[in-house]
Amino acid sequence: MHVKPLASAFHRVAASGRRLAEGWGASPRAQDVLTALGCLALMALDLPGLAAADNSLSGPQAAVVLTAGCATLLVRRRLPWASYVTALLFIGWLHELTLIQFALYSVGRYRGRRAGILATLGYVAFALAVFSLPGWPEPRAETLSAFLSLVVPIGVLASAVGIAAYRHDLVSELQARRAEAAVQGAVQQERTSVARDVHDFVGRELTLLTVRSEVLSVRARQTSYAKDFEELADTARRAHLVLNEIIVQRGERAATPGVDGLEELARESGRAGSPVRLVMDPDVHALSPLRQAAVYRVVQECLTNAAKHAHGETIEVVIRVDGPQLRIAVSNGLPARTPGRAPVSAGSGTASMSERVRSLGGTLTATRTEDAYEVTATLPRG
């Protein structure tokens, strides 16, 4: 009777522990701690040999010294040279080569190629000098053989891996910055597009208001209302001038289509291989031009994304007016197989689409399941 509750509790505890481990393990501090512990574990294997080869250190003393040396790896991101200098000391004093591998990697990883090469050359020169001194526990021939076959490859490989990781970090950061810049550019472009739409639609209404006020002013010239109509016309004219100053037109731009352009958009998508089923309330045609432009842009971006990531799948587009809300839902199935080559995408389309919806006081959500992808946008109707 209690097996299921116990199993469920066990799974919850295991899931919590896994999430905690993943979250903690991904932090830089945790990685440094694990690196230091790994280095210490490897050097602990040499404790008996160190105690036998160096009479100045006993087993416990050697453990303390090695622990202190590995502790320098905790600051390897900010001070990689600390572990490097300590590793050279270990080579000359204890003939220990483990720490230098981690130190050279850290220098190359966090200080770059030039520092990694200089550190490697310094390590090779120092190790050659140490191994050439009298008193090395092995014969000179064996020492030279070990130097060429073990010491040099260890340093070069560790430093090369660190430099490669440094370059990978630079490339990843550059890609992240480019993606962020693309998203910001798309958002800014969408803001400009919305502003221009506002200018077009609101400016047209202000022009009509100005003309109508002037006509009424002429008609009411002999009445007491003539002055009021003149002031109304002046106010509308000033408002239009302010709008022109705030939103500066730069270059020619095609007007954003309204909902009447959705049929052609669906036909273009079908000709490209992604059929569209369009369901639209008749009330949508009564929306303001600004709302219609937003509907068109959202559907256009969704069809573009579906063509990229789910080519050939049927796309469902449903646009409904529900009381004071306008709801746009675009969904498509996902292909059974992942494309061999990922589609080219800057990832900025969704950001620009969300920016347009937010600018009109709405919300946009994108949901992905195992077999479908759906985008839902909700806007105030008026």
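Values below: every heavy atom of this structure, side chains too, minus hydrogens, waters and symmetry copies. What you see is a predicted model; the values in this text were computed from it and never measured.
Tyr110 and Leu73 end up in different hydrophobic clusters when Ile, Leu, Val, Met, Phe, Trp and Tyr side chains are linked at under 4.5 Å. Tyr105 is not connected to Val107 by any chain of hydrophobic side-chain contacts under 4.5 Å among Ile, Leu, Val, Met, Phe, Trp and Tyr, and they are in different clusters. In the hydrophobic clustering of this structure, Val318 does not group with Met280; members are Ile, Leu, Val, Met, Phe, Trp, Tyr whose side-chain heavy atoms approach within less than 4.5 Å, directly or through other members. Two different hydrophobic clusters hold Ile117 and Val124 under the rule that ILVMFWY side chains link at heavy-atom gaps under 4.5 Å. A single hydrophobic cluster is seen to contain both Ile100 and Val152, as judged by linkage of ILVMFWY side chains at heavy-atom distances under 4.5 Å, directly or through other members.
Across Val317, Val276, Leu278, a single residue satisfies side-chain contact (heavy atoms from CB on, under 4.5 Å) together with Leu262, and that is Leu278. Each of Asn332, Ile315, Val375 was scored for a side-chain contact (heavy atoms from CB on, under 4.5 Å) with Cys302, with one residue passing: Val375.
Not one N or O on the side chain of Ser274 forms a donor-acceptor pair closer than 3.5 Å with the backbone of Gly270. For the pair Ser159 (side chain) and Gly116 (backbone), a donor-acceptor distance under 3.5 Å is present. Listed for the Gln325 side chain is no donor-acceptor partner under 3.5 Å among the backbone atoms of Val321. For Thr304 (side chain) and Gln300 (main-chain N/O), a donor-acceptor pair under 3.5 Å exists by modelled atom type. Under the 3.5 Å distance criterion, the side-chain polar atoms of Arg77 are left unmatched by any main-chain donor or acceptor of Ser106. Judged by distance alone, with hydrogens and angles left aside, the side-chain atoms of Tyr84 form a donor-acceptor pair with the main-chain N or O of Tyr123 at under 3.5 Å.
Counting all heavy atoms, side chain and backbone alike, Gly69 lies closest to Leu99 at O-CD2, 3.9 Å. Among all heavy-atom pairs drawn from Gln292 and Val284, the shortest one is NE2-O, 4.0 Å. Between Ala36 and Cys70 the shortest heavy-atom distance is CB-O, 3.5 Å. Counting all heavy atoms, side chain and backbone alike, Arg111 lies closest to Pro80 at NH2-CD, 3.6 Å. Shortest non-hydrogen contact noted between Gly258 and Tyr296 is O-CD1, 3.5 Å.
The closest side-chain heavy-atom distance from Val279 to Arg320 is below 4.5 Å. Residues Ile163 and Val161 are not in side-chain contact: their nearest non-hydrogen atoms beyond the backbone lie 4.5 Å or more apart. Leu334 has its side chain within reach of Arg368: a pair of non-hydrogen atoms, C-beta onward, lies under 4.5 Å apart. Under the 4.5 Å side-chain criterion, counting only non-hydrogen atoms from C-beta, Leu265 is in contact with Val299. Counting only heavy atoms from C-beta outward, the side chains of Val156 and Thr120 approach each other to under 4.5 Å.
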Could you go through the side-chain contact (heavy atoms from CB on, under 4.5 Å) check for Glu374 and Val330 one step at a time? CA-CA 6 Å; Glu374 181 175 4; Val330 184; over 6 Å; no
Please assess Thr376 against Thr367 for the test side-chain contact (heavy atoms from CB on, under 4.5 Å), listing each intermediate value before the final yes or no. CA-CA 8 Å; Thr376 303; Thr367 306; over 6 Å; no
Run Leu40 and Leu66 through side-chain contact (heavy atoms from CB on, under 4.5 Å) and show every step you take. CA-CA 7 Å; Leu40 181 61; Leu66 296 182; 4.2 Å; yes
Stepwise side-chain contact (heavy atoms from CB on, under 4.5 Å) test for Val65 and Phe90: CA-CA 9 Å; Val65 171; Phe90 277 16; 3.8 Å; yes
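Summarising the hydrophobic clusters (Ile, Leu, Val, Met, Phe, Trp, Tyr; side-chain heavy atoms under 4.5 Å, direct or chained), the residues clustered with Leu118 are none. In this structure, Leu170 shares a hydrophobic cluster with Tyr166, the cluster being traced through Ile, Leu, Val, Met, Phe, Trp and Tyr side chains under 4.5 angstrom apart.
Annotation for Arg113: atom CZ does not count as buried by contact number, only 12 or fewer foreign heavy atoms lying within 6.0 Å. For CG of Asp283, the number of neighbouring non-hydrogen atoms (other residues, nucleotides, ligands) closer than 6.0 Å is greater than 12. For NE2 of His285, the number of neighbouring non-hydrogen atoms (other residues, nucleotides, ligands) closer than 6.0 Å is greater than 12. Annotation for Glu263: atom CD does not count as buried by contact number, only 12 or fewer foreign heavy atoms lying within 6.0 Å.
Separation of atoms OG (Ser83) and CG (Leu74) is listed at 10.0 Å; rounding is to 0.5 Å. Annotation: the span from Arg267 atom CZ to Arg271 atom CZ amounts to 7.0 Å, rounded to 0.5 Å. Taking CZ of Arg327 as the start and CG of Leu379 as the end, the distance is 12.0 Å to the nearest 0.5 Å. Atoms CD1 and CZ, on Ile328 and Arg297 in that order, are 13.0 Å from each other to the nearest 0.5 Å. Remark: Leu326 CG to Thr378 OG1 distance equals 8.0 Å, nearest 0.5 Å. With rounding to the nearest 0.5 Å, the separation of CZ in Phe102 from CZ in Arg76 is 9.0 Å.
The pair Arg167-Glu173 fails the salt-bridge criterion, with no side-chain N (NZ, NE, NH1 or NH2) lying under 4.0 Å from an Asp/Glu carboxylate O. Salt-bridge formation is detected for the pair Arg109/Asp169: a Lys NZ or Arg NE/NH1/NH2 atom is positioned less than 4.0 Å from an Asp or Glu carboxylate oxygen.
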